[in-house]
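What follows is one structure encoded as structure tokens, with my remarks underneath.
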Protein chains: 2
Amino acid sequence: MGPRKFFHPDAAELTLHRILFALSDPTRLAVVSELMDSAEHSSGDLLAETVPRSTMTHHLKILREAGVTRTRPEGMRCLISLRRDDVDARFPGLLDAIMAHGRSG
Amino acid sequence: MGPRKFFHPDAAELTLHRILFALSDPTRLAVVSELMDSAEHSSGDLLAETVPRSTMTHHLKILREAGVTRTRPEGMRCLISLRRDDVDARFPGLLDAIMAHGRSG
DNA sequence: AATAATGTACGGTGTTCGTCGTACATCGTA
DNA sequence: TACGATGTACGACGAACACCGTACATTATT
């Protein structure tokens, strides 16, 4: 059950309230804040020493199933990136408006 | 216990994740959508025949305690309005970016 | 094949949420 | 004062969430 299959919703299926819920948690907000550099980060890279692994898996699943992030297996790691293209296409300006204040949240 | 005291957080105490959580529910998103006309609406006015009163009270409390709305007793009603000034001051552009798509939720 | 590294799956616990019915308080009016 | 209208408070219920430990799967390396 390692890095194999990951469910990702289609771009057209993204809903506003699901995305807002995914971003309504301080931990997940911090994760997305780290992903704003448009680079791929491994799961352990994100808040590594702050949160237990199983907890991080939980949060990453919520972000992924809301369509906010994309998870890609790479070797024995998982690389996570923002779905800026899809989120921006469906909700223009939303991500920027939220993440402009991601740290003070 | 009628229209008497209502807790409203100070403008400086608004947090991003609380606001996002308040807006992460379809019903509350619809309420805020109706409030976007910058007018005051009574509680019964909002989604009147869609949601039971006690349910509406619950949702309005969450919006109010997150600092998204302001509730003011007026006679035997409660008039609810958006706290655009405070929310915009603390998180510029956030409300507009979210509510631009409030209906396609 | 054995090992270590990475991350998931599963299960458990305690908390919070969404929903609603019922009872009650407040206000305006007759 | 009695009544109807408006909205809250409280309690209850099921569902979902946050958190984490443990066990397991996958990968790369030795």
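Letters A, B, ... are given to chains in the order of the sequence lines, protein chains preceding strands, and every chain is numbered from 1. Every value quoted in this text rests on a predicted model; they were computed, and no experiment measured them.
Taking 4.5 Å as the limit, every side-chain heavy atom of B:I19 sits out of range of all side-chain heavy atoms of B:L95. With contacts defined as side-chain heavy-atom distances shorter than 4.5 Å, the pair B:R90/B:L94 does not qualify. A 4.5 Å side-chain heavy-atom check between B:L46 and B:L35 finds at least one atom pair inside the cut-off. Counting heavy atoms from C-beta outward, A:T71 and A:L60 have side chains that stay 4.5 Å or more apart. For the pair B:H59/B:V31, no side-chain contact is recorded, criterion being any heavy-atom separation below 4.5 Å from C-beta on.
To the nearest 0.5 Å, the span separating OG1 on A:T69 from NE2 on A:H41 amounts to 12.0 Å. Atom CG of A:D25 is separated from atom CG of B:L20 by 10.5 Å, given to the nearest 0.5 angstrom. How far CZ of A:R18 is from OG1 of A:T15: 5.0 Å, rounded to the nearest 0.5 Å.
The two residues A:E65 and A:F7 come nearest to each other via the heavy atoms CG-CD2, 4.2 Å.
Remark: C1' of C:dA4 and CZ of A:R53 are 11 Å apart, rounded to the nearest angstrom. Rounded to whole Å, atom P of D:dT6 lies 17 Å from atom CZ of B:R72. Rounded to whole Å, the distance from NE2 on A:H17 to C1' on C:dG18 is 13 Å. Here C:dG18 presents its P atom at 13 Å from CE of B:M56, a figure rounded to the nearest Å. Summarising the geometry, the separation between CZ on B:R64 and P on D:dT8 is reported as 8 Å, rounded to the nearest angstrom. Computed from coordinates, the B:L23 CG to C:dG18 C1' distance equals 16 Å when rounded to whole Å. Rounding to whole angstrom units, CG of residue A:L63 and P of C:dG7 are separated by 16 Å. The NZ-P distance, from A:K61 to C:dG7, rounds to 17 Å in whole Å.
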Validation: residues 78-89 of chain B side-chain donor-acceptor distances under 3.5 Å, sequence neighbours left out:
residue: B:R83; atom: NE; partner: B:D86; partner atom: OD2; Å: 3.0
residue: B:R83; atom: NH1; partner: B:P9; partner atom: O; Å: 2.9
residue: B:R83; atom: NH2; partner: B:P9; partner atom: O; Å: 3.1
residue: B:R83; atom: NH2; partner: B:D86; partner atom: OD2; Å: 2.8
residue: B:R84; atom: NH2; partner: B:D88; partner atom: OD2; Å: 3.4
residue: B:R84; atom: NH2; partner: B:D96; partner atom: OD1; Å: 2.9
residue: B:R84; atom: NH2; partner: B:D96; partner atom: OD2; Å: 3.4
residue: B:D86; atom: OD2; partner: B:R70; partner atom: NH2; Å: 3.4

Could you go through residues 47-58 of chain A and list every donor-acceptor pair under 3.5 Å that involves a side-chain atom there, pairing it with any protein atom two or more places apart or in another chain?
residue: A:T57; atom: OG1; partner: A:R53; partner atom: O; Å: 3.1

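Near DNA chain D, meaning a heavy atom under 4.0 Å from it, residues 36-46 of chain A has no residue at all.
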Are any protein N/O atoms closer than 3.5 Å to N/O atoms in nucleotides 17-19 of chain D? If there are, list each pair with its distance.
residue: D:dA18; atom: OP1; partner: A:R28; partner atom: NH1; Å: 3.2
residue: D:dA18; atom: OP1; partner: A:R28; partner atom: NH2; Å: 3.2
residue: D:dA18; atom: OP2; partner: A:R28; partner atom: NH1; Å: 3.4
residue: D:dA18; atom: OP2; partner: A:H58; partner atom: NE2; Å: 2.9
residue: D:dC19; atom: OP2; partner: A:H59; partner atom: NE2; Å: 2.7

For nucleotides 28-30 of chain D, which of its nitrogen or oxygen atoms have a protein nitrogen or oxygen under 3.5 Å away, and what is each distance?
none

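By the 30° and 60° cut-offs, the orientation of the rings of A:H101 relative to B:F91 is perpendicular.
For DNA chain D, if you chain together Watson-Crick or G-U pairs that step i with j, i+1 with j-1 and so on, the runs of at least three with distances under 3.5 Å are C:1-30 with D:1-30.
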A:V32 vs A:L63, test: side chain to side chain contact (heavy atoms under 4.5 Å, CB included). Steps then yes/no.
CA-CA 9 Å; A:V32 174; A:L63 285 170; 3.9 Å; yes

